[in-house]
Amino acid sequence: MVSASKNRKFVSLSGIYIHIPFCKQACTYCDFHFSVNMNSKPELVKAILLEIDQRKNYLEGEEIETIYFGGGTPSVLSEDELNSILDKIKKEFKVAKNAEISLECNPDDLTEEKLEQLKKAGINRLSIGLQSFNEEELKWMNRAHTAAESLNCVKLAQDKGFDNITIDLIYGSKFQDMESWERTLQTVLNLNVQHISAYNLTIEAKTKLGLDHKKGTEPEVSEELSSEQFKKMIEVLQKNKFVHYEISNFGKANFFSKHNSNYWKGTRYLGLGPAAHSFNTESRQWNISSNSAYIQKVNANELYFEKETLTTQEQYNEYILTRLRTTWGCDKKEIEKRFGKEVLSSFEITVKKYQNYFDSKDGIITLNIEGKLKADFLASEFFLE
Ligand code: SF4
C-alpha cells in the first residue's frame, strides 16, 4: 500500500484552473460545459471569488506555478472581471514570480484593445482556438470567426508582445483530405507559434454533430484518414523543431504547457468554477456542471462538488493513463516504489504482450507511433481491476 505522505514526495508545485463557462455560440462538436446565455456572467465571477475564499486551503500553502483560464471561452471576460479573479488569487495564494498564466481565447475576441488588456493583466501564454483555416469547415463547426480572423489575431498577438502562443487544431473531419491537411500544417508553421494542440474530431452523442450523425446526415469520422493525418502531423512538426511531448500536444523547447504537463505528472491542482476538477493526489473532486446551481450553492456555502478518494489501484490506473500519453512515459522504478513489486510485474507482463507498441529505454516505457494511435486501448490493458 502507498501512503499519502509518500505520494507527496512526487509533487512540489501546484496549479489553479478557472473554468469560464460561457461561449458566444455553441460549436457543433463540443461537449464541454458552457452556456451561450451570458446574463449570469457577473454573478458567476463573484461566485468564483467566493469559492476562492472557501477553498483557499485546498493546496495547503503550496506555491502556485501555473494559473489556467479555460472554458468555455475565458476571452469573454471583461477586463475588470479577469483582473478581479487574478487579484484574488494573488491575494489568497503564494503565486510564483515567473508563474505561467494561460488564457484560452477565440480569434473573434482578440482585438488590439483586448490583447493589451490581457498583457497588462499578466497573461503570458495565449491559447487560441483556431481549429481550421477552411471557411466552409469553420461554418460547419459553427465557429464564431473566419479563417482570416484566425491568421490576423495570431499576428496581432505577436505584435503586442505575446511570445508564448499555442493554437488548437482539429483534424479528421470530412473537410480535410491529406492534401488540405498538409496545407493546414504549412499554414500553422508559417504562423511561427511556440506550441500546437491538435485533436482528432470525435462525435459526442449530445452535440449537434452527434445528433446529426444519429439522424444519418453526418458521416462517421474515418479512422484511417485520422491516423494518416496524425502521422503526417508528427512527421511535419518534428521536422520543424516541435517536440511531440503528449499525444495531442507539440511544443518547441522550453514551451511545453507547464500547466498541462503538471496534470500529466500528477501534481496537485485546484479547479474553480462550474464543472472544474480538483486533485490533491489522494482524492479528486468536481464541481457541479450547472452555472445557476453553482452560483446558488457557493453563495449559500452549500456543497457544490462531488468527491472520490482514490484507492491505490485507482492511483496506479491514473498514473498509467496520464503518463503513458507523454514523452516522460511510465517509469518502472517509480511504479515499484509507489505501487510495489506485484504491480510492477503486472506492468511488465502487459509491456511484453504489446511490445510492438512500446519503446523502452533505461526502464522508461513510452508509446511508439503505432502505440500512440492505440493509446486508450493500451492504457486500459494495464489497468488493475
Ligand atoms: S469549442 Fe470552445 S468556443 Fe466552441 S462551444 Fe466549445 S468551449 Fe465554446
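Both ligands and their constituent atoms are indexed starting at 1 by order of listing. All figures in this text were calculated on a predicted structure; none of them were measured in a lab.
- Interface of Asn106 with ligand 1, defined as ligand atoms under 4.0 Å from a residue heavy atom, comprises 3 (S).
- Counting only heavy atoms of the protein, atom 4 (Fe) of ligand 1 lies nearest to Cys27 SG, 2.3 Å.
- A salt bridge links Lys215 and Asp212; the closest N-O separation between the charged side-chain nitrogens and carboxylate oxygens is under 4.0 Å.
- Protein heavy atom in closest approach to atom 7 (S) of ligand 1: Gly72 N, 3.3 Å.
- Annotation for ligand 1: atoms under 4.0 Å from non-hydrogen atoms of Thr73 are 3 (S), 8 (Fe).
- Partner Cys330 forms a side-chain contact (heavy atoms from CB on, under 4.5 Å) with one of Phe347, Phe382, Phe358 and no other, that one being Phe347.
- The distance from atom OG of Ser127 to atom NE2 of His259, rounded to the nearest 0.5 Å, is 11.0 Å.
- Residue contacts with ligand 1, taken as heavy atom pairs separated by less than 4.0 Å, do not involve Lys24 at all.
- Protein heavy atom at the shortest distance from atom 8 (Fe) of ligand 1 is Cys23 SG, 2.3 Å.
- If you take CD1 on Ile369 and CG on Asp359, they are separated by 9.5 Å, rounding to the nearest 0.5 Å.
- Within ligand 1, counting atoms from 1 as listed, the ones closer than 4.0 Å to a heavy atom of Cys30 are 1 (S), 5 (S), 6 (Fe), 7 (S).
- The minimum heavy-atom distance linking Thr309 with Ser283 is given by the pair CA-CB, 3.9 Å.
- Remark: of the listed residues Tyr245, Tyr263, Phe250, Tyr245 is the sole one forming a ring-ring contact (aromatic ring centres under 6.0 Å, His included) with Phe256.
- Using a 4.0 Å cut-off to heavy atoms of Arg143, the atoms of ligand 1 that qualify are 1 (S), 3 (S), 4 (Fe).
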